[in-house]
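Encoded as structure tokens, the structure appears first; notes follow it.
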Amino acid sequence: MTRAITLLTDNFSDWETALINSTCRGYYGFDTRFASPKATPIVSSGGMLVTPQLSIEAIELDEVDLLIVCGGTAWQSGQAPDITALVAEAHRKNIVVAGICDGTRVLAQSGVLDNLRHTSNSAENLSQLNYAGAAYYQDVPYAVADQRVVTAPGTAPVSFMAAILGVLGFNDENLKAYLAMHAAEHSKPV
């Protein structure tokens, strides 16, 4: 069974990782768990109260196949937990690492984005960090996958889901049908 952990902070952007976790758990049978600092219950940007199953501090990377950093305002506030060592170690262990929205800032700070193609909400969002990977930034509105790392702007939860599943080797007819369902919404004229 594929094991996924999504890292959440207070005021996390609840829509960004909903599709990947729901699809993984419901369609592919993943063990999806959520972690916050000290396993403290947290509230999403939409007001949803979440009680994570584990603390970020208790994560055992030998028991993880996918580590997701959900976006949210905490990553720019100075109030976020320092998870750079955890993210860097996960990447070193060849665990799929994914960050969306301001979750990509953590990947940049950990050095994971220094030598691979990636995206975020904007180039400026990451350049504030003085990270070494600016030359690899892709200015695109969809997820980018490179070397088992997936990044996406906060507006791209569907391609984020698809890119993660593709990296994990789940590129089947079910995924194609699921993507077509989500794409149909955008084919209607405004």
Sub-4.5 Å side-chain heavy-atom contact between Thr17 and Pro157: no
NZ/Lys38: more than 12 non-hydrogen atoms of other groups inside 6.0 Å: no
OH on Tyr137 to CG on Asn125, rounded to 0.5 Å: 7.5 Å
Smallest separation among heavy atoms of Pro153 and Ser120, with atom names: CB-O, 3.4 Å
Residues Asn115 and Gln147: side-chain donor-acceptor under 3.5 angstrom: no
Gap between atom CG of Leu107 and atom CH2 of Trp75 - 0.5 Å precision: 10.0 Å
Asp65 CG to Asp62 CG distance, which is reported to the nearest 0.5 Å: 11.0 Å
Distance in Å, Ile20 CD1 paired with Leu66 CG, rounded so as to fall on 0.5 Å steps: 6.5 Å
Non-hydrogen side-chain atoms of Leu61 and Leu86 separated by less than 4.5 Å: yes
Joint hydrophobic cluster, Val69 plus Val64, side-chain heavy atoms closer than 4.5 Å: yes
Shortest non-hydrogen contact from Pro81 toward Pro37: CG-CG, 3.7 Å
Joint cluster assignment, Leu67 & Leu54, ILVMFWY side-chain distance < 4.5 Å: yes
Main-chain N/O of Thr151 paired with Thr119 side-chain donor or acceptor, under 3.5 Å: no
Euclidean distance, Met48 CE relative to Trp15 CH2, rounded to 0.5 Å: 11.0 Å
Step-by-step side-chain hydrogen bond (donor to acceptor under 3.5 Å, both in side chains) determination, Gln109 to Asp82: CA-CA 10 Å; Gln109 290 168 320; Asp82 181 2; over 6 Å; no
Spacing of OG1 belonging to Thr32 relative to CE belonging to Met1, to within rounding of 0.5 Å: 9.5 Å
Side-chain heavy atoms of Phe160 within contact of Leu19, under 4.5 Å: no
side-chain hydrogen bond (donor to acceptor under 3.5 Å, both in side chains) assessment of Asp172 paired with Tyr28: CA-CA 11 Å; Asp172 59 10; Tyr28 295 100; 2.7 Å; yes
Taking every non-hydrogen atom, the tightest pair across Val150 and Ala163: CG1-CB, 3.7 Å
Minimum side-chain heavy-atom gap Leu113-Tyr136 below 4.5 Å: no
Non-hydrogen side-chain atoms of Val112 and His118 separated by less than 4.5 Å: no
Set of ring pair (Phe, Tyr, Trp, His ring centres under 6.0 Å) partners for Phe30, sequence neighbours left out: Phe170
Distance-minimising heavy-atom pair for Ala88 and Ser110: CB-O, 3.7 Å
Ring geometry between Tyr178 and Tyr27 (parallel below 30°, tilted from 30 to 60°, perpendicular above 60°): tilted
Val43 and Asp10, any side-chain heavy atoms less than 4.5 Å apart: yes
Arg148 (side chain) donor-acceptor with His91 (main chain) under 3.5 angstrom: no
Cluster overlap Leu129 with Leu116, hydrophobic side-chain contacts below 4.5 Å: yes
Pairwise side-chain contact, Cys24 with Thr2, heavy-atom cut-off 4.5 Å (strictly under): no
